[in-house]
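Okay, so here's the structure we're looking at.
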Amino acid sequence: MKRSGWIALMLLAGASQGGFAAEDHLNEQQKLGRRLFEQSCGVCHTRPTLVAGMYGPELSKESSGGREDVMRVIISNGTPRMPGFKYTFNSDQIAAIAAYIKTMPRGTQDLPTARTPTKAATPAQ
Ligand code: HEC
């Protein structure tokens, strides 16, 4: 095998040990979903730094009971603490985002070192 082939193989082996290998298996719809998700949802649904908390819950294929149709409704209409996106995205884009969420394993944002500190009870509560 040519030397460049080995280098490519080593890079591949290295990449598959990282957390991002799954992204290579995304289809076009899921890739679109990932891009939109990173633009519009990450701010509340991904952890900005190891020690920071998140505003929204972690999302994964098990969110919304694992139901893509429910995810699409939530993404369109929002919730009391989340804006709806039906005027931002069309239904294909919303479907793409839900399809991408269905590829995400649980626990990606739930690092043992990064749990949101449980609130200490205060007399006011
Ligand atoms: C302003 C912050 C914010 C943004 C931006 C945001 N969300 Fe949310 N999201 C929340 C919060 C907070 C909740 C939890 C529900 C609540 O408290 O109202 C939530 C809940 C959800 C749920 C339901 C989770 C479950 O377990 O059922 C889904 C799905 C979801 N968001 C998807 C998205 C997607 C996709 C986007 C981007 C298009 C997005 N959210 C953008 C704050 C946000």
Side-chain angles (χ1 to χ4, degrees):
M1 188 184 286
K2 277 195 308 192
R3 192 154 166 241
S4 58
W6 279 113
I7 292 171
L9 257 186
M10 279 157 62
L11 285 175
L12 266 181
S16 61
Q17 277 159 17
F20 301 105
E23 294 183 2
D24 299 331
H25 305 299
L26 298 185
N27 65 27
E28 289 308 311
Q29 187 199 29
Q30 294 158 345
K31 281 185 192 156
L32 170 68
R34 179 178 64 188
R35 195 154 48 77
L36 301 175
F37 183 89
E38 284 167 356
Q39 280 167 12
S40 304
C41 322
V43 60
C44 293
H45 287 289
T46 52
R47 197 178 288 286
T49 69
L50 278 181
V51 292
M54 287 193 299
Y55 180 74
E58 175 192 278
L59 297 181
S60 73
K61 59 176 137 207
E62 290 169 36
S63 298
S64 311
R67 290 182 52 187
E68 258 182 89
D69 56 337
V70 176
M71 289 177 196
R72 287 197 296 266
V73 171
I74 293 175
I75 297 168
S76 300
N77 298 331
T79 73
R81 292 168 60 221
M82 170 178 153
F85 287 86
K86 64 180 159 206
Y87 302 116
T88 313
F89 298 131
N90 64 33
S91 57
D92 285 347
Q93 291 171 315
I94 290 174
I97 296 171
Y100 171 61
I101 295 174
K102 286 295 287 180
T103 69
M104 301 204 288
R106 236 178 86 184
T108 52
Q109 305 300 314
D110 190 20
L111 308 170
T113 50
R115 286 196 203 289
T116 323
T118 36
K119 262 205 214 153
T122 61
Q125 282 172 331

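We count residues from 1, following the sequence as given. Treat the numbers as computed from the prediction; the structure is a model and nothing was measured. Counting convention: from 1, in listed order, for ligands and their atoms alike.
- With a 4.5 Å cut-off on side-chain heavy atoms, Met104 and Phe37 count as touching.
- Note on residues 76-98: no pairs pass salt bridge (Lys or Arg N to Asp or Glu O under 4.0 Å), not counting sequence neighbours.
- In this structure, the protein non-hydrogen atom closest to atom 5 (C) of ligand 1 is Ser40 O, 3.4 Å.
- Taking CG of Leu26 as the start and CD of Glu28 as the end, the distance is 9.5 Å to the nearest 0.5 Å.
- Counting only residues at least two apart or on different chains, the salt bridge (Lys or Arg N to Asp or Glu O under 4.0 Å) pairs with a member in residues 63-77 are Arg67-Asp69.
- Ordered by chain and number, His45 NE2, Met82 SD make up the set of protein N, O or S atoms under 2.8 Å of atom 8 (Fe) of ligand 1.
- Listed by first then second residue, pairs satisfying salt bridge (Lys or Arg N to Asp or Glu O under 4.0 Å) with a partner in residues 98-108 read Glu62-Arg106, not counting sequence neighbours.
- For atom 17 (O) of ligand 1, the closest heavy atom belonging to the protein is Arg81 NH1, 3.0 Å.
- Protein heavy atom nearest atom 41 (C) of ligand 1, with residue, atom name and distance: Phe85 CE1, 3.5 Å.
- Counting atoms of ligand 1 from 1 in the listed order, those under 4.0 Å from a heavy atom of Pro80 are 18 (O).
- Atom OG of Ser63 is separated from atom CD1 of Ile101 by 6.5 Å, given to the nearest 0.5 angstrom.
- Distance check, rounded to the nearest 0.5 Å: OG1 of Thr88 to CD1 of Ile75 gives 11.5 Å.
- Grouping the Ile, Leu, Val, Met, Phe, Trp and Tyr side chains by contacts below 4.5 angstrom, directly or via other members, places Phe85 with Val70.
- Looking at Ser64 next to ligand 1, an N or O pair under 3.5 Å apart turns up.
- Ligand-side atoms of ligand 1 in range of Ile97: 35 (C), range being under 4.0 angstrom from any heavy atom.
- For the pair His45 and Pro57, the minimum side-chain heavy-atom distance is below 4.5 Å.
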